[in-house]
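For reference, the structure discussed in these notes is given below.
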Amino acid sequence: MLFRSVVDLADGGVLAMATVERAGTRAGVAGPIARNAPLTDLYEPGSTMKVVTISWALERGVVAPDTTFTVPDSYRVPGADEPYKDAEYHDTARWTTSDILRESSNVGTIQIAQRLTDAQVGSAQRAFGLGRRTSIEWPGQSDGLLVDPKDYYATGRYSAAIGYGAAVSAAQMLGVFATVANGGVSRPLHLLGATVDADGRRHDVRPAAGTRVISAATAATMTGMLRRVVGNGTGACAAVPGYTVAGKTGTAKKLVGREYGSAKMVSFIGFAPAERPRYAAVVVVDSPADSNLTGGVVAAPVWSEIMGFVLTRSGLAPSDPHRFQFESAQRRSEEHTSELQS
């Protein structure tokens, strides 16, 4: 199953929400009892949660973008039965905070979380709007589930920091990125734009006011780091020709009973144009057929197609018109070559 949502950052208006139960499903307007997975389905977000953890560490001054860590491939925290591991093997590296986000390192993020307290990690998630339903009025919407920091015990802080042990909706996670894009102030989402009374008069619905979550400086720093994720990191497939993109991949194993199986939830969340954010979107894929694939391989290309459509249809000028023309021509050439080969 795939689900996705796109919002206008100017006012938090939801432009589109879609749920695809199976491949090949014909697109159409949802009925009154249709499933709206971006709001109702909960999942463990995995690495997109690292944006919350690292933003909070930056905000509290315990790390800077260039703070350097020695990051091995695996790392055991005191009291843990098993070591935490990065998704792919690598030699022990000297990575900065920015590198850790770009490479989506679990080990590096856990080392950052060691500079925070249990309470701070829990507070970060709640400050970004997790653990409570979104501002959208929709039936069946859940608050989600967050572990109380007093119940973290030996490893809870570190699992929470990398996106495990929390159940969130796609719309809640999209709200996290909307906050970063909006200069650190939350941008409550809404579906209803206006009402029309019995006399035909239109009454615009005023969007809810946001609250400051992180400073403008921290939001700008995080945006720059998220641009690197797409520029030369795990989110490279989310790039949109001619436009700057900031975003993060997410990959999390699915819990089956009390054990994690091979099935995964993979995602990409981001916004564009990164230098003056206007649109944000989330794509989540539930249990891709190949369980070895990640959010950067499965969800990011879908996100790129959606955001490319939104940006070009909106009339927003490309960040780099010359690059836009070159990359668009290159993409058309590659598509044509692929068609000929098939």
Side-chain angles (χ1 to χ4, degrees), residues 38-63 75-85 106-136 138 140-180 184 186 188-189 210-214 218 222 248 250-261 264-265 267 269 282 284:
L39 284 171
T40 61
D41 286 28
L42 301 179
Y43 70 104
E44 287 182 294
S47 293
T48 53
M49 186 69 84
K50 292 169 184 173
V51 172
V52 173
T53 304
I54 296 176
S55 291
W56 215 243
L58 291 168
E59 183 75 4
R60 267 125 198 88
V62 299
V63 298
Y75 186 73
R76 187 189 297 272
V77 300
D81 294 330
E82 299 290 338
Y84 287 92
K85 296 181 178 181
N106 294 329
V107 171
T109 305
I110 287 167
Q111 291 179 330
I112 292 170
Q114 287 183 315
R115 301 190 178 195
L116 297 168
T117 66
D118 288 355
Q120 286 174 329
V121 170
S123 295
Q125 294 180 346
R126 295 191 180 279
F128 272 97
L130 306 179
R132 64 177 183 272
R133 65 192 65 188
T134 73
S135 53
I136 297 173
W138 189 268
Q141 191 175 177
S142 170
D143 289 337
L145 298 170
L146 298 179
V147 177
D148 191 308
K150 66 180 177 58
D151 296 324
Y152 278 172
Y153 304 112
T155 62
R157 184 200 320 172
Y158 311 116
S159 294
I162 61 174
Y164 283 94
V168 301
S169 70
Q172 287 174 325
M173 288 306 299
L174 182 57
V176 169
F177 285 74
T179 296
V180 174
S186 63
L189 309 183
T211 58
R212 180 158 296 283
V213 178
I214 53 177
T218 297
M222 180 55 66
K248 183 71 187 73
T251 304
K253 292 182 178 180
K254 291 184 66 175
L255 190 65
V256 181
R258 293 180 176 272
E259 301 291 336
Y260 285 100
K264 296 176 180 176
M265 298 291 289
S267 60
I269 315 174
V282 54
V284 180

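Since the structure is predicted, the reported quantities are computational estimates derived from the model, not experimental observations.
- Atom-to-atom distance recorded for Ile54:CD1 and Leu116:CG is 10.5 Å, nearest 0.5 angstrom.
- Here the side chains of Lys85 and Asn106 are not in contact, with every heavy-atom distance at 4.5 Å or above.
- The two residues Ala171 and Thr134 come nearest to each other via the heavy atoms CB-CG2, 3.9 Å.
- The line from CD1 of Ile112 to CG of Leu58 is 7.5 Å long, rounded to the nearest 0.5 Å.
- Side-chain contact check for Val63 versus Trp56: every heavy-atom pair is 4.5 Å or farther apart.
- With hydrogens and angles left out, the side-chain atoms of Ser169 and Gln141 include no donor and acceptor closer than 3.5 Å.
- The distance from atom CZ of Arg157 to atom CD1 of Ile162, rounded to the nearest 0.5 Å, is 13.5 Å.
- Ile269 and Met173 get closest at one heavy-atom pair: CD1-CB, 3.6 Å.
- Scanning all heavy atoms of the two residues, the minimum distance from Ser267 to Val284 falls at CB-CG2, 3.9 Å.
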Go through the steps to decide whether Met49 and Leu130 satisfy the test side chain to side chain contact (heavy atoms under 4.5 Å, CB included), and finish with yes or no. CA-CA 10 Å; Met49 186 69 84; Leu130 306 179; 3.5 Å; yes
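- The heavy-atom pair separating Pro149 from Gly122 by the smallest distance is CG-CA, 3.8 Å.
- Rounded to the nearest 0.5 Å, atoms OH (Tyr164) and OG (Ser47) are 7.5 Å apart.
- Classification of Asp143 and Arg133 as a salt-bridged pair holds, one side-chain N sitting under 4.0 Å from a carboxylate O.
- In this structure, OG on Ser135 lies 9.5 Å from CZ on Arg132, to the nearest 0.5 angstrom.
- Looking at heavy atoms from C-beta onward, Gln114 lies in side-chain contact with Tyr158 at the 4.5 angstrom threshold.
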Taking it one step at a time, do Tyr152 and Val121 satisfy side chain to side chain contact (heavy atoms under 4.5 Å, CB included)? CA-CA 10 Å; Tyr152 278 172; Val121 170; 3.9 Å; yes
Side chain to side chain contact (heavy atoms under 4.5 Å, CB included) assessment of Glu44 paired with Met265: CA-CA 8 Å; Glu44 287 182 294; Met265 298 291 289; over 6 Å; no
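- Although no hydrogens or angles enter the test, the distance criterion places no donor-acceptor pair under 3.5 Å between the side chain of Gln120 and the main chain of Arg60.
- Contact check for Val282 versus Phe177: no side-chain heavy atoms found under the 4.5 Å cut-off.
- To the nearest 0.5 Å, atom CD1 of residue Ile110 and atom OG1 of residue Thr155 are 9.5 Å apart.
- Side-chain atoms of Ser159 and Tyr84 include a donor-acceptor pair closer than 3.5 Å.
- Contact detail for Tyr75 and Val107: the closest heavy-atom pair is CB-CG1, 3.6 Å.
- Scanning all heavy atoms of the two residues, the minimum distance from Gly210 to Pro188 falls at CA-CD, 3.9 Å.
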